[in-house]
Structure formats: structure tokens, C-alpha cells
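Single-structure report; data block below.
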Amino acid sequence: MGWNYIMAMGIGVVGSTVVHLSQGLMKLGVTRKQQGASPAQYRRPYRAGLVMNLSAPFWVIAANGFAPTVFYTSMYAVGLIPLLIYSHRKLGHTAGPREMVGAAFLALGAATLGFGEWIGEAAPMSALNHYPILLCGIIWLVAAPFVGWLTGKVRVLSPGLVMGLLGGGFLALDSLIKGLAQAEGVASSFRPETTYGISLFALSFIGAIAAFGMTQWAHRRGAKPAETIAGYDAAYVGLPVFLVPAAKGDAGINILCLIGFALVVVGLYLLVKAPAQRAPETASP
């Protein structure tokens, strides 16, 4: 069983890295276009980033075959660290001390979350009550467009942060519903085994599409990418931490998972609030 958990978390690290780096590649494409590069020079990284970004649901499908979905989602924020490195090497961003500390908090938080789920003996997805997760998904789907619209009218919170939270919540629900679908009828499988499971699996992709739409909506509004990514990661990591115990019928939440989530939020805050530092070149080829 232990190796199953390690496999799921390992896929989480790889999947998170791929999806986060996709943002850097798309940003590189946009930056090259603004600098007057040839179409081939800016289209290639942008298209590669787009394909990598759309791969997000398939990483969790693979991880769900080994362990409950929370083992995958708990690793998601780790991908910000390779994105920082990529931004330094290709986008001319110089990471300062505050960002390095933030990255360390992220790594520590992810490790604590994973360990908390491990020793807490997370319930298999087949043991969860579907209704709290599905109800949350319906509420999220109905409320998100209104909240996104309202954010553009009433600037109480950063639009990028709010849109990121909404998008990350959508992808978290996508992952959890895929986990329910894959566990329907058997303990764990890479593909649903029942008609109900197949239906759930198909519906889950609404979450992935909506998550992508929310991030694009944030970009169109000119939101700060760092704030959008921070909100996205916080919701994607945090929502399963609180929703899975409700679906399991537990009275409380694993304290280590709460500590891990708090460390992730601190790390994201430090990264978002770090002063911008730019190298001479805006984007290298």
C-alpha cells in the first residue's frame, strides 16, 4: 500500500510540474510575440504550453489508479518551484530571498500534507459519499460565473486571486469526481467500470474546461499571473483537504493536513508579495 501512495504523490509532482511549466511556456510565447519575434518563434512555445496545460486531467487519472485523489492534489503546489526556475532562466525573472523562503514553505507544506494523508489512512474513493462532492460541484458551477462577474464590478479582492481560486476549485472538483468515477464498482481502476461511473467521468471534464476558462478570463482582465496561480494552487490543494472528510463523514480534519495547507498558503503568499526583480533580458530563446 505504501508504494501506491508514493506512486500517486510522484505522479502529482510530475503532473504539477508539467502544468505549471505550461504557464511559463505560454508566457514565453506571448513575450516573444510582443518583442517582434517570428511566428515560428512565439507559436512553438505557446502551443507546447497549451498542450501541456490541457494534459492536467490525465495526470490525476493515472494517479487515481494507485491511491485516493488527495495524495495527488496534495502535491500540486510543488510545481511552482520549477516554474520559478524556468522563469529565472527563460523569462528574466530573478528570484529573491523572499521567493526562496516561499518556495521552501511550499515544499514543506506539500510534504506535510502528503505525510498527513499517509498516516491518517485516507479512505479509498469508493468509501466516500458522492453527494457532498457533487453538490459542491453544482454550487461551484452555478456561483463561479456570478462571482467572477461581481469581482470585475466590486474590487474588494484581487480579480486574479479570486479567478484563480475559482479555477483551482473547478480543477479540484474535476480530480475528485474522476476519483469517484474510477472507484465506482471496484476498489481502484484506471477506467470506470459501471455506467454511472462512466457518466461521472464524462461530466468531470466540465471542471477541467471551466478551470481553463477561469484562468483565461483572468488573463483577459489583465490580472497578475502570480496572484492567479497562487489562488489556483491554494484552492486545488485546499478544497480536497476540507471536502473529503465531509464526504467521508468524519467529525474533524487531520491536523497534519491543516498544518500542511497552512504552510502552502504561507509559501504562496510570500511568492505573490515578493518584490519584482527583473534581469536585463525579458525572455531568452
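- Of all heavy-atom pairs between Arg32 and Pro45, the closest is NH1-CG, 3.8 Å.
- Using a 4.5 Å heavy-atom threshold, the side chains of Trp59 and Val18 count as touching.
- Cluster annotation: Leu263 is connected to Leu268 through the hydrophobic network of ILVMFWY side chains, with a link wherever side-chain heavy atoms come within less than 4.5 Å.
- The side-chain heavy atoms of Asp233 and Leu80, taken from C-beta on, include a pair separated by under 4.5 Å.
- Trp140 places none of its side-chain heavy atoms less than 4.5 Å from the side chain of Leu135.
- Heavy atoms only, all atoms of each residue included: Pro245 and Pro240 are closest at CD-O, 3.9 Å.
- With contacts defined as side-chain heavy-atom distances shorter than 4.5 Å, the pair Val162/Val147 qualifies.
- Considering all non-hydrogen atoms of both residues, Pro82 and Leu21 come closest at O-CD2, 3.7 Å.
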I'd like to know whether Lys178 forms a side-chain contact (heavy atoms from CB on, under 4.5 Å) with Asp174, so could you lay out the CA-CA distance, the side-chain angles of the two residues, the decisive distance to 0.1 Å, and finally the verdict. CA-CA 6 Å; Lys178 279 185 173 63; Asp174 167 272; 2.5 Å; yes
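- The distance between the ring centers of Tyr86 and His20 does not fall below 6.0 angstrom.
- Listed by chain and number, the residues in a ring pair (Phe, Tyr, Trp, His ring centres under 6.0 Å) with Tyr232 amount to none (sequence neighbours excluded).
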Stepwise, does the side-chain contact (heavy atoms from CB on, under 4.5 Å) test hold for Thr69 with Met125? CA-CA 7 Å; Thr69 307; Met125 299 301 290; 3.5 Å; yes
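- For the 3.5 Å distance criterion, the side chains of Tyr236 and Ser175 qualify, holding a donor opposite an acceptor.
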Determine, stepwise, if the pair Leu134 / Leu173 fulfils side-chain contact (heavy atoms from CB on, under 4.5 Å). CA-CA 8 Å; Leu134 295 177; Leu173 288 162; over 6 Å; no
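- Side-chain N or O atoms of Asn64 include one that pairs as donor or acceptor with a backbone N or O of Val60 at under 3.5 Å.
- Using modelled atom types, no side-chain atom of Ser22 and backbone atom of Met52 make a donor-acceptor pair closer than 3.5 Å.
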Trace of the side-chain contact (heavy atoms from CB on, under 4.5 Å) decision for Tyr196 with His130: CA-CA 12 Å; Tyr196 172 67; His130 292 198; 2.9 Å; yes
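- One finds the CZ atom of Phe146 at 12.0 Å from the CG atom of Leu166 (value rounded to the nearest 0.5 Å).
- With contacts defined as side-chain heavy-atom distances shorter than 4.5 Å, the pair Ile259/Leu113 does not qualify.
- Leu171 CG to Leu176 CG: the interatomic distance, rounded to the nearest 0.5 Å, is 10.0 Å.
- A distance of 12.5 Å separates CZ in Arg43 from OH in Tyr46, rounded to the nearest 0.5 Å.
- Under the 4.5 Å side-chain contact rule for hydrophobic residues, Met163 and Leu161 do not share a cluster.
- Hydrophobic clustering (side-chain heavy atoms under 4.5 Å, transitive across Ile, Leu, Val, Met, Phe, Trp, Tyr) keeps Phe212 apart from Phe170.
- Contact check for Ile133 versus Ile177: side-chain heavy atoms found under the 4.5 Å cut-off.
- You'll find the ring centres of Tyr269 and Phe105 outside the 6.0 Å limit.
- Remark: side-chain polar atoms of Thr112 are not paired, donor with acceptor, to backbone N or O of Gly260 under 3.5 angstrom.
- For an aromatic pair to be called close, the ring centres must be under 6.0 Å apart, and Phe201 with Phe205 satisfies this.
- Taking 4.5 Å as the limit, some side-chain heavy atom of Ile6 sits within range of a side-chain heavy atom of Trp3.
- Partners of Phe58 under the ring pair (Phe, Tyr, Trp, His ring centres under 6.0 Å) rule, at least two apart in sequence or in another chain, do not exist in this structure.
- Rounding to the nearest 0.5 Å gives a distance of 6.0 Å between CD of Gln23 and OG1 of Thr215.
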Hey, mind stepping through Phe66 and Tyr72 against ring pair (Phe, Tyr, Trp, His ring centres under 6.0 Å) and telling me if it holds? CA-CA 10 Å; Phe66 292 99; Tyr72 176 87; over 10 Å; no
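- Counting only heavy atoms from C-beta outward, the side chains of Val14 and Ile11 never approach each other to under 4.5 Å.
- Scanning both residues, Pro132 and Ala246, for their nearest heavy atoms gives CG-O, 4.2 Å.
- Here the CD1 atom belonging to Ile139 is positioned 11.0 Å from the CG atom belonging to Leu141, to the nearest 0.5 angstrom.
- Separating the CG atom in Leu200 from the CD atom in Gln182 is a distance of 11.0 Å, to the nearest 0.5 Å.
- Nearest heavy-atom pair across Ala181 and Gly197 is CB-O, 3.2 Å.
- Note on Leu239 and Ile209: separate hydrophobic clusters, where clusters join Ile, Leu, Val, Met, Phe, Trp and Tyr whose side-chain heavy atoms are under 4.5 Å apart, directly or indirectly.
- The two residues Pro159 and Arg221 make their nearest non-hydrogen contact at CB-NH1, 4.5 Å.
- Taken together through direct or relayed side-chain contacts under 4.5 Å among Ile, Leu, Val, Met, Phe, Trp and Tyr, Val78 and Met9 form part of one hydrophobic cluster.
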